[in-house]
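Read the structure below first, then the notes.
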Amino acid sequence: MAQKPKLLLLDEPTAGLAPADASLVTEMLKRDRSGLTMVLIEHDMGVVFDVVDRLVVLHHGRVVADGLLEAVRGDAKVQEIYLGGTL
């Protein structure tokens, strides 16, 4: 990130970290993202919701929802699959 990339690909950047360390990584990812496109694969929805503005949710290889964070977070199918909600 120090070299200001235009594209950053991350696969589970907080996996296996202690909560305090995961929080540090999350804060780092939120800092100065101007001009940066980030592709983040993450199962910790707290990290996702803290870092992204737009997201694509996949389930079994298929797109379930695609759009701005608040719209996708409120999507009934996303709620059912990933957030423990019910339809």
Side-chain angles (χ1 to χ4, degrees):
M1 299 217 19
Q3 294 185 2
K4 305 261 186 224
K6 293 182 181 183
L7 176 64
L8 186 61
L9 306 173
L10 299 166
D11 184 12
E12 299 281 346
T14 62
L17 297 179
D21 294 331
S23 183
L24 289 172
V25 170
T26 300
E27 288 303 316
M28 180 186 67
L29 294 175
K30 289 168 43 176
R31 273 186 269 168
D32 189 24
R33 298 181 314 181
S34 59
L36 173 65
T37 298
M38 184 184 315
V39 177
L40 173 67
I41 299 168
E42 181 62 67
H43 289 90
D44 183 333
M45 298 309 287
V47 172
V48 172
F49 294 152
D50 278 350
V51 173
V52 305
D53 301 315
R54 180 179 180 274
L55 68 151
V56 177
V57 177
L58 302 174
H59 185 63
H60 296 293
R62 296 187 190 268
V63 174
V64 174
D66 178 3
L68 295 176
L69 175 61
E70 289 306 317
V72 173
R73 185 174 13 196
D75 182 273
K77 194 68 173 170
V78 172
Q79 289 282 327
E80 177 188 11
I81 295 169
Y82 286 103
L83 303 175
T86 58
L87 288 177

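For this chain, numbers begin at 1 and follow the sequence in order.
Closest non-hydrogen pair, Val78 versus Asp75, comes out as N-OD1, 3.1 Å.
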Subject >> From CA spacing to verdict: side-chain contact (heavy atoms from CB on, under 4.5 Å), Val64, Leu58 >> reply: CA-CA 6 Å; Val64 174; Leu58 302 174; over 6 Å; no
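Other members of a hydrophobic cluster containing Leu68 are absent, since no ILVMFWY side chain comes under 4.5 Å of it, directly or through relayed contacts.
Both Leu69 and Val51 are assigned to one and the same hydrophobic cluster, defined by single-linkage of ILVMFWY side chains at heavy-atom distances under 4.5 Å. In terms of hydrophobic clustering, with Ile, Leu, Val, Met, Phe, Trp and Tyr side chains grouped at heavy-atom distances under 4.5 Å, Met45 and Leu17 are assigned to a common cluster. When the side chains of ILVMFWY residues are joined at heavy-atom separations under 4.5 Å, either directly or via intervening members, Val52 and Leu36 end up in a single hydrophobic cluster.
A salt bridge (charged side-chain N to carboxylate O under 4.0 Å, His left out) check over residues 49-59, counting only residues at least two apart or in different chains, returns the pairs Arg33-Asp53, Arg54-Asp66. Applying the salt bridge (charged side-chain N to carboxylate O under 4.0 Å, His left out) test to pairs two or more places apart or on separate chains, those with a residue in residues 1-19 are Lys4-Asp32.
The main-chain N or O of Gly74 is never found under 3.5 Å from a side-chain atom of Gln79 such that the two would form a donor-acceptor pair. No side-chain donor-acceptor contact under 3.5 Å links Gln3 to the backbone of Pro5.
In this structure, Thr26 has no side-chain hydrogen bond (donor to acceptor under 3.5 Å, both in side chains) partners at least two apart in sequence or on a different chain. Residues meeting the side-chain contact (heavy atoms from CB on, under 4.5 Å) test with Leu10, sequence neighbours left out: Leu8, Pro13, Leu29, Met38, Leu40.
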